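See below for the structure under consideration.
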Amino acid sequence: MSFFITFEGVEGSGKTTQIRRLKKYLSRKGIPCKVTREPGGTRIGEKIRKILLNPEHREMIPLTELLLYESSRAQHVQEVILPLLKKGIVVLSDRFADASTAYQGYARKIDLKWVEKLNRLASFGIKPDITFLLDCPTNLGLKRALERNRRVKNEKEGRFEKEQIEFHDRVRRGYLALAKKEPERVKRIDTRQGEEKVFEKIRGLVDELMGLKKIKPGSHRETDPTV
Ligand code: TYD
């Protein structure tokens, strides 16, 4: 059994807590799983992350940003995600290609066709089996993200939190459009219901996914879009 599960959302949507809870839940059930993240997840990807999220890099143009996210993704898919799925390990990723559609496409306004093309290229044909979109009104999420950054004194990763509210509104609109376009895969969950209820929903959907759909290890189709 191997599943690829991703978590998306605006800043401060509580992804990290929910991923941790799902990992614990699956481990207790004896289902092997690994948590990873984007940008990052590999040695090279973590270096790219530092470049991307450094608030001093104000001069970074949108295309550079997109290409860096896609570079991190390509390395992540080949080095971590595909090998794990082939071994039958469930992969839980904190963000994946949908984030580029929402942030670089909808919010930075790069042509969506390009973003989708690059997403396909960097994903080597894999798509999440299910994506949890943890959603809440933009101002609520941002408030939480800023409080968290102040609490943990995370000054090196604040580039996106510094964006204007309109930027984050566009991100949210992008995610909501994805959920509308692919309702089977992208599940929107309102985080205002609180951590417990959100997790109940996630657990229910994961149980359903794993019970209904049995995938043999290695059956995730891999394509090489570069040939
Ligand atoms: P993340 O670590 O999830 O930050 P947070 O926990 O604060 O939500 O993601 C880092 C930032 O990178 C986040 O602001 C979203 C952004 N991002 C993109 O703009 N495009 C992408 O493709 C990805 C994966 C992330």
Side-chain angles (χ1 to χ4, degrees), residues 4-20 35-42 44-55 57-58 60-77 80-81 91-110 112 114-123 126-128 131-136 138-175 178 186 191:
F4 180 32
I5 300 174
T6 60
F7 288 76
E8 301 281 355
V10 292
E11 320 291 309
S13 53
K15 285 180 285 110
T16 318
T17 312
Q18 295 297 337
I19 292 175
R20 227 180 276 142
V35 176
T36 185
R37 69 170 177 181
E38 283 197 7
T42 63
I44 293 169
E46 291 296 327
K47 288 189 176 168
I48 298 174
R49 181 184 177 92
K50 286 211 173 83
I51 300 173
L52 276 164
L53 303 185
N54 187 337
H57 292 167
R58 278 184 297 269
M60 192 182 293
I61 66 162
L63 183 58
T64 307
E65 189 179 284
L66 172 65
L67 294 173
L68 284 173
Y69 279 113
E70 299 294 356
S71 306
S72 166
R73 182 160 305 130
Q75 189 68 31
H76 191 209
V77 169
V80 174
I81 301 175
V91 177
L92 309 180
S93 186
D94 189 338
R95 298 196 190 276
F96 192 63
D98 296 324
S100 292
T101 306
Y103 281 81
Q104 282 66 53
Y106 281 83
R108 294 272 191 241
K109 300 181 176 167
I110 298 178
L112 283 174
W114 272 110
V115 179
E116 274 153 23
K117 239 185 182 158
L118 287 165
N119 274 344
R120 270 204 305 282
L121 183 72
S123 303
I126 63 160
K127 255 208 154 188
T131 297
F132 295 110
L133 169 58
L134 303 187
D135 181 54
C136 69
T138 317
N139 52 355
L140 265 182
L142 264 185
K143 210 172 121 214
R144 277 211 297 249
L146 289 172
E147 277 163 11
R148 175 197 58 193
N149 275 8
R150 226 167 287 136
R151 225 176 25 246
V152 297
K153 294 219 165 47
N154 192 349
E155 275 140 18
K156 286 203 181 86
E157 289 205 349
R159 205 164 65 87
F160 280 82
E161 278 86 346
K162 286 202 168 64
E163 289 289 346
Q164 301 298 316
I165 188 100
E166 298 86 73
F167 174 87
H168 294 285
D169 271 336
R170 289 200 295 275
V171 172
R172 181 170 185 230
R173 252 182 277 135
Y175 275 133
L178 279 167
V186 184
T191 59

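Whatever order the structure lists them in is the order used to number ligands and atoms, beginning at 1. The structure presented is a predicted model; accordingly, all values stated were derived computationally and were not measured.
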Checklist line | Between Tyr69 and Tyr103, ring centroids under 6.0 Å | finding: no
Which value, rounded to the nearest 0.5 Å, describes the distance between [X] atom [atom1] and [Y] atom [atom2]?
{"X": "Leu92", "Y": "Lys15", "atom1": "CG", "atom2": "NZ", "value": "13.0 Å"}
{"X": "His168", "Y": "Thr138", "atom1": "NE2", "atom2": "OG1", "value": "8.5 Å"}
{"X": "Phe4", "Y": "Ser93", "atom1": "CZ", "atom2": "OG", "value": "5.0 Å"}
{"X": "Lys117", "Y": "Glu70", "atom1": "NZ", "atom2": "CD", "value": "13.5 Å"}

Quick one: does [X] get an N or O within less than 3.5 Å of an N or O on ligand 1?
{"X": "Arg73", "value": "yes"}
{"X": "Thr16", "value": "no"}
{"X": "Tyr69", "value": "yes"}

Interfacing atoms of ligand 1 (cut-off 4.0 Å, heavy-atom, [X]):
{"X": "Asp94", "result": "3 (O)"}
{"X": "Ser100", "result": "21 (C), 22 (O)"}
{"X": "Gln104", "result": "18 (C), 19 (O), 20 (N), 21 (C), 22 (O)"}
{"X": "Glu38", "result": "24 (C)"}

Atom 11 (C) of ligand 1: of Val171, Leu134, Leu53, the nearest heavy atom sits on Leu53
Flag, side chain of Ser71 to backbone of Leu67, donor-acceptor distance under 3.5 Å: yes
Q.
Quick check: do Cys136 and Arg172 have side-chain heavy atoms less than 4.5 Å from each other?
A. no
Does some non-hydrogen atom of Arg49 fall short of 4.0 Å from ligand 1?
yes
- Query: Is there a heavy atom of Lys15 sitting under 4.0 angstrom from any atom of ligand 1?
  - Reply: yes
